[in-house]
Amino acid sequence: MADLYNLDREQVLALEGWAEKSTDALFAALEASKNRPLARILAALGIRGVGTTVAELLVSHYPSIDALATASVEELQAIEGMGPVTAQRVVEWFQRPRHREIIAKLRHAGVRMEEAETRDREARDEQPLAGLTFVITGTLPTMSRNEAKALIEAHGGNVTGSVSAKTSYLLVGESPGSKLRKAESLGVLTIDEATLRQMLEGAGASV
DNA sequence: AGGCCTCGAGATCG
DNA sequence: CTCGAGGCCT
């Protein structure tokens, strides 16, 4: 049998249930996967303590895997939010030969290992949500939770996972979780997606 | 101490 | 997706 990871278009088309449409979709998805945000790659490496948030923090200071891989514990620890434990784990991860091989293989396969470009909106001062912290619960009408998170962050806001006294607004969708009750008990303001969009209007910003 | 993050578990849904 | 436990950071 052929190697699953090296099938070409012809070979896939020969498979039962794989005609033009699904085959094209497969290869398109494969191509697209090589162009993911660097933070996503980083978060997927399995470095203890490095999930999506810390990965983004790292990428904001080190725009390429190579730059990050050569950083020292001291340098990493200088980043606000990075303590000695996580800094050490990052450095140790990149020291392992088998991990370096993984990086090399990904790169060889065409996966982008640098951050494409820097953010835009920040420079234009369109940050109506600066200093505000949001929590999302339930299903929103026109966007996924991730899209909402990206939208909020793109306008300067923060999104966290649990409601606390520091939460500015709870963004509530359909069938909310227990966060709604907690927000009510803490007196945290609740808004819906439409209200969020109105908050964005102020700066003349759109998605 | 308090807040935030990661990550695994179990519910929910298309 | 939501929730909660465990752990890191300030």
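Below, each value reflects all heavy atoms present in this structure, side chains not excepted, and no hydrogens, waters or symmetry copies. Treat the numbers as computed from the prediction; the structure is a model and nothing was measured. Lettering follows sequence order; numbering is per chain, from 1.
Residue A:Thr139 is classed as having no contact, given no heavy-atom separation below 4.0 Å to the nucleic acid. Within 4.0 Å (heavy atoms only), A:Gly138 reaches sugar-phosphate atoms of the nucleic acid but no base atom.
At B:dC5, none of the side-chain N or O atoms of A:Thr160 fall inside 4.0 Å of OP1 or OP2 (strictly under the cut-off). Contact between the side-chain N/O atoms of A:Ser162 and the OP1/OP2 oxygens of B:dG3 is not found at any separation under 4.0 Å. Residue A:Thr137 places none of its side-chain N or O atoms closer than 4.0 Å to OP1 or OP2 of C:dC1. Within the 4.0 Å cut-off from OP1 or OP2 of C:dC8, at least one side-chain nitrogen or oxygen of A:Arg89 is found.
Side chain of A:Lys179 to main chain of A:Gly161: a donor-acceptor pair is present (N/O by atom type, distance under 3.5 Å, no hydrogens or angles). The main-chain N or O of A:Ala28 is never found under 3.5 Å from a side-chain atom of A:Glu31 such that the two would form a donor-acceptor pair. A:Arg100 contributes a side-chain N or O that, together with a main-chain N or O of A:Phe94, makes up a donor-acceptor pair within less than 3.5 Å. Put simply, the side chain of A:His155 never gets that close to the backbone of A:Leu129: no donor and acceptor are under 3.5 Å apart.
Heavy atoms from other residues, nucleotides or ligands lying under 6.0 Å from CZ of A:Arg9 number more than 12.
The separation between A:Glu56 atom CD and B:dC4 atom P is 16 Å, rounded to whole Å. Taking atom CD of A:Glu80 as the reference point, atom C1' of C:dC9 lies 10 Å away to the nearest angstrom. Nucleotide B:dC4 holds its P atom 13 Å from the NZ atom of A:Lys149, rounded to whole Å. Remark: P of C:dT2 and CD1 of A:Ile136 are 9 Å apart, rounded to the nearest angstrom. The nearest whole Å value for the distance from the CD atom in A:Gln88 to the C1' atom in C:dC8 is 14 Å. Residue A:Leu57 contributes atom CG, which lies 10 Å from atom P of B:dC5 at whole-angstrom precision. For the pair A:Met82 CE and C:dC9 C1', the interatomic distance rounds to 11 Å; values are reported in whole Å. For the pair A:Ile79 CD1 and C:dC9 P, the computed distance is 12 Å after rounding to whole Å.
You'll find that the side chain of A:Lys179 is closest to C:dC3, out of B:dC5, C:dC9, C:dC3. The side chain of A:Val85 approaches C:dC9 more closely than any other nucleotide in the set C:dC3, C:dC9, B:dT6.
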